[in-house]
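One structure is given below, encoded as structure tokens.
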Amino acid sequence: MTDPRFERNEMMRTDQNHNNDEDETRYPDGTVKLRNPNIELMDQDILYHLALGSESHDLVEMFGDVKFVCMGGTPKRMQDFADYIMKEIGYKLPTGTTLQDISRYSYRYSMYKVGPVLSISHGMGVPSISILLHEMIKLMYHAKAKDPVFIRIGTCGGVGVDGGTVVISDGAYDPLLNNYYEVPVLGKLTSRPAILDKKVIRELKALADVEDPYETVTGKTMCTSDFYEGQGRLDGAFCEYTETEKLKYLEHLKEFGIVNIEMECVPFAALTHHAGIKAAIVCVALLDRFNGDQVSTPKEVLNEWQVRPQKLVAKYIKRHLQMKGKFSLDGHGSMAVKSPRRFKLVQQESQTFE
Ligand SMILES: O=P(O)(O)O[C@H]1O[C@H](CO)[C@@H](O)[C@H]1O
Ligand SMILES: O=c1cc[nH]c(=O)[nH]1
């Protein structure tokens, strides 16, 4: 007999496969509806790992205009992206102010806001990004943000693609090649389909420049919970398989259509999909895993490679801002600060969390 503690919650899985209709996740005006009735009954919701709260901060004022939530592993990359997107959309900070890390007093994640774009670090691996996603989805709900799109800007190991190649994920798979996110809830495995938005993927692919001196490809991405043995590396502290076995495994992945390996795609695709939020992942490969395991490319080259997904995502954001009258850029491609007051509020951090 199956131990009930480890029973997979099939009912929930089936339910969630069919239960993603817009009524469940959107109010008619496009604002995010939460699939948790408890939140609106709470006096306040503390977004602990963001150092924000629904009572301590005016979240509607601070984040109500957010349209794009960009995430990546490191605080540095996401600060660089905030600076880059600011230039790209011509967003002007009020004189005498600089971009601030809104979540700095959480000492967990770093978050920057540039007009309608949030740029936030998620750390490494499934638990770290899943905590952030719960809080970012709730933040979008509290802020009454309309139809935000979430994009992960990452790095990965290539499976048959060269270092420097940009990969747009069109599927997210765990190491058993399941495309759902399994998480134990109250002692039962609950599984949620890991689905990325086809339209966003198509648009991103169409924006890739054929003149770029590197390739931009689409393909399936595998998510692991470990960088070393979990990704079949030979250079971890332990290794109980041969190089031949490693290569056979990579061949098996390649045949299945996996083009890259990273450590967050499954919860990212599953939690955004469950929240009814469109999402996409753009990573740059740091190496082709058929050729090795160590990331030995010089830092300057890696830094240039890391900008490649940012450039593509910036193009996508610019295109959408130009399409939407509300955020339209002026004749010089500049986006004026619409509300200096909003900006001030965004820069304010909560003393409560210091
Ligand atoms: O470069 P980022 O986006 O952090 O992601 C990749 O890099 C980390 C491992 O080095 C993992 O988190 C993996 O997903
Ligand atoms: O090989 C790699 C490179 C970056 N990130 C990963 O998870 N794996």
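Bear in mind that the values here come from a model prediction, so they are computed numbers and not experimental data. In listed order, ligands and their atoms are each counted from 1.
- Ion pairing of D293 with K246 is present here, as a side-chain N (NZ or NE/NH1/NH2) and a carboxylate O approach within less than 4.0 Å.
- Checking only distances, G73 does come within under 3.5 Å of ligand 1, N or O to N or O.
- Of the charged side-chain nitrogens involved, at least one lies within less than 4.0 Å of a carboxylate oxygen, so that K199 and E203 count as a salt-bridged pair.
- Ligand-side atoms of ligand 2 in range of G157: 1 (O), 2 (C), 3 (C), 4 (C), 8 (N), range being under 4.0 angstrom from any heavy atom.
- Residues K220 and D170 are not paired through a salt bridge, judged by the lack of any N-O separation under 4.0 Å between the basic side chain and the carboxylate.
- By the 4.0 Å heavy-atom criterion, R152 is counted among the residues contacting ligand 1.
- The contact set between ligand 1 and M124, taken as ligand atoms under 4.0 Å from a residue heavy atom, comprises 8 (C), 9 (C), 12 (O).
- Taking each of Q231, R77, E264, M78 in turn, the one with a heavy atom nearest to atom 11 (C) of ligand 1 proves to be E264.
- Among protein heavy atoms, atom 10 (O) of ligand 1 sits closest to F227 CE1, 3.7 Å.
- Counting the atoms of ligand 1 from 1 in the order shown, those under 4.0 Å from a heavy atom of E262 are 14 (O).
- For atom 7 (O) of ligand 1, the closest non-hydrogen atom on the protein side is T155 OG1, 3.4 Å.
- In this structure, L287 counts as a contact residue of ligand 2, since one of its heavy atoms falls inside 4.0 Å of the ligand.
- Within 6.0 Å of CD on E251 lie more than 12 heavy atoms contributed by other residues, nucleotides or ligands.
- For Y316, the ring-ring contact (aromatic ring centres under 6.0 Å, His included) criterion is met by H320, not counting sequence neighbours.
- Checked for salt-bridge contact, K113 and D65 meet the test: a charged N lies under 4.0 Å from a carboxylate O.
- Residue I261 has at least one heavy-atom neighbour below 4.0 Å for each of these atoms of ligand 2: 6 (C), 7 (O), 8 (N).
- No side-chain donor-acceptor contact under 3.5 Å links H273 and R192.
- Looking at R233 against ligand 2, only its side chain comes within 4.0 Å, counting heavy atoms.
- V159 belongs to a hydrophobic cluster whose other members, connected by ILVMFWY side-chain contacts under 4.5 Å either directly or through intermediates, are Y173, L177, M222, L247, Y249, L250, L253, F256, I258, I261, F290.
- Residue K146 places its NZ atom among 12 or fewer non-hydrogen atoms of other residues, nucleotides or ligands, all under 6.0 Å distant.
- Remark: ligand 1 and M263 share an N or O pair separated by less than 3.5 Å (distance only, no angle test).
- Relative to atom 8 (N) of ligand 2, the option among M124, E264, Q231 with the closest non-hydrogen atom is Q231.
- Listed by number with element, the atoms of ligand 2 under 4.0 Å from a non-hydrogen atom of E262 are 7 (O).
- Applying the 4.0 Å criterion to heavy atoms of M263 picks out, from ligand 2, the atoms 7 (O).
- Side-chain atoms of E262 and E264, non-hydrogen and from C-beta on, do get closer than 4.5 Å to each other.
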